[in-house]
Amino acid sequence: MRQTQDTRWYAVRGPERPWYAARTPERDEWWWLVPTAATAVALLCACLRLRDAELPFFWIALTYTPGFLLVGGSWFTARTRERRGVRVCLAAAGCVLTYLTVKAFTAALYVLAVLVWLRQGDG
């Protein structure tokens, strides 16, 4: 019996993937590291700014909301290596916003108060 095909192990071709099949993204095993660290840093930043804040608690909580939403968004992005940069950017932006927004909001209120006082006058 004559062989019509080369059957050696290195000559065997793998299964063909159709041209329209999408490549499956590589799973990131350490996906949880950045959101966990960012959550801890954001809470630390909030506690540091909470000590010297001159606003009522409602306004402080309102100013922390965007930062914590960005950090929360880093928990829900796709857990692939391609999305690692998105997770890091969301987490870093959330930490920076958490640290800076209370002072920026307080400064904006001071500017608004001065403008209202200048418009109103003393009398």
Side-chain angles (χ1 to χ4, degrees):
M1 188 164 142
R2 196 177 102 191
Q3 276 186 326
T4 59
Q5 178 179 346
D6 193 4
T7 57
R8 290 177 285 205
W9 66 270
Y10 56 84
V12 177
R13 298 181 70 188
E16 291 284 330
R17 192 175 77 197
W19 62 271
Y20 55 84
R23 198 180 102 241
T24 56
E26 188 177 349
R27 191 163 165 78
D28 190 7
E29 297 298 325
W30 293 92
W31 69 268
W32 53 268
L33 185 63
V34 171
T36 304
T39 302
V41 169
L43 287 172
L44 181 66
C45 290
C47 289
L48 288 176
R49 286 299 185 180
L50 191 59
R51 284 187 308 164
D52 56 344
E54 302 155 356
L55 298 171
F57 180 75
F58 172 75
W59 292 109
I60 292 172
L62 188 67
T63 57
Y64 285 152
T65 302
F68 282 128
L69 284 176
L70 286 175
V71 171
S74 70
W75 281 98
F76 298 109
T77 56
R79 294 175 172 102
T80 60
R81 287 189 187 264
E82 288 84 16
R83 291 292 181 191
R84 183 183 289 175
V86 173
R87 278 194 304 275
V88 170
C89 289
L90 280 173
C95 290
V96 168
L97 272 178
T98 302
Y99 189 71
L100 295 179
T101 50
V102 172
K103 289 296 180 183
F105 189 72
T106 306
L109 283 180
Y110 283 144
V111 168
L112 183 66
V114 167
L115 289 176
V116 167
W117 175 67
L118 289 175
R119 174 85 172 129
Q120 192 78 15
D122 281 337

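All values derive from a computational prediction rather than experimental measurement.
For the atom pair CG of L33 and CZ of R87, the computed distance is 10.0 Å after rounding to the nearest 0.5 Å. Interatomic distance, CZ of R84 versus OG1 of T77, reported as 11.5 Å (0.5 Å rounding). A distance of 11.0 Å separates CG of L118 from CD of Q120, quoted to the nearest 0.5 Å. The distance from the CG atom of L69 to the CG atom of L90 is 11.0 Å, given to the nearest 0.5 Å. Atom OG1 in T101 sits 9.0 Å away from atom CZ in R49 (nearest 0.5 Å). Atom OH of Y110 and atom CZ of F105 lie 12.0 Å apart (nearest 0.5 Å).
Looking at every heavy atom in both residues, L70 comes nearest to G94 through CB-CA, 3.7 Å. Here the closest heavy-atom approach between residue C95 and residue A42 is recorded as SG-N, 3.9 Å. The minimum heavy-atom distance linking S74 with P35 is given by the pair O-CG, 3.5 Å. Closest heavy-atom contact between T39 and V71: OG1-CG1, 3.6 Å. For R81 against R27, the heavy-atom pair with the smallest separation is NE-O, 4.2 Å.
No more than 12 heavy-atom neighbours from other residues, nucleotides or ligands sit within 6.0 angstrom of CH2 on W59.
Looking only at side-chain heavy atoms (C-beta outward), L97 and F68 stay at 4.5 Å or farther from each other.
Cluster membership check: V111 does not share its hydrophobic cluster with W117, using side-chain heavy-atom separations under 4.5 Å among Ile, Leu, Val, Met, Phe, Trp and Tyr. A continuous path of hydrophobic side-chain contacts links L62 to Y64 [ILVMFWY only; heavy atoms under 4.5 Å]. Follow the hydrophobic side-chain contacts under 4.5 Å out from V102 and you never reach F57; the two are in separate clusters. In the hydrophobic cluster analysis, where Ile, Leu, Val, Met, Phe, Trp and Tyr join through side-chain heavy atoms closer than 4.5 angstrom, L109 is grouped together with I60.
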Query raised in the report: Given the rule in the side chain to side chain contact (heavy atoms under 4.5 Å, CB included) test, do T36 and W75 qualify, once you have shown the distances and angles that lead to the verdict?
Result: CA-CA 8 Å; T36 304; W75 281 98; 3.3 Å; yes
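For R83, the salt bridge (charged side-chain N to carboxylate O under 4.0 Å, His left out) criterion is met by no residue, not counting sequence neighbours.
Ring pair W30/W32 is tilted by interplanar angle, where 30° to 60° counts as tilted.
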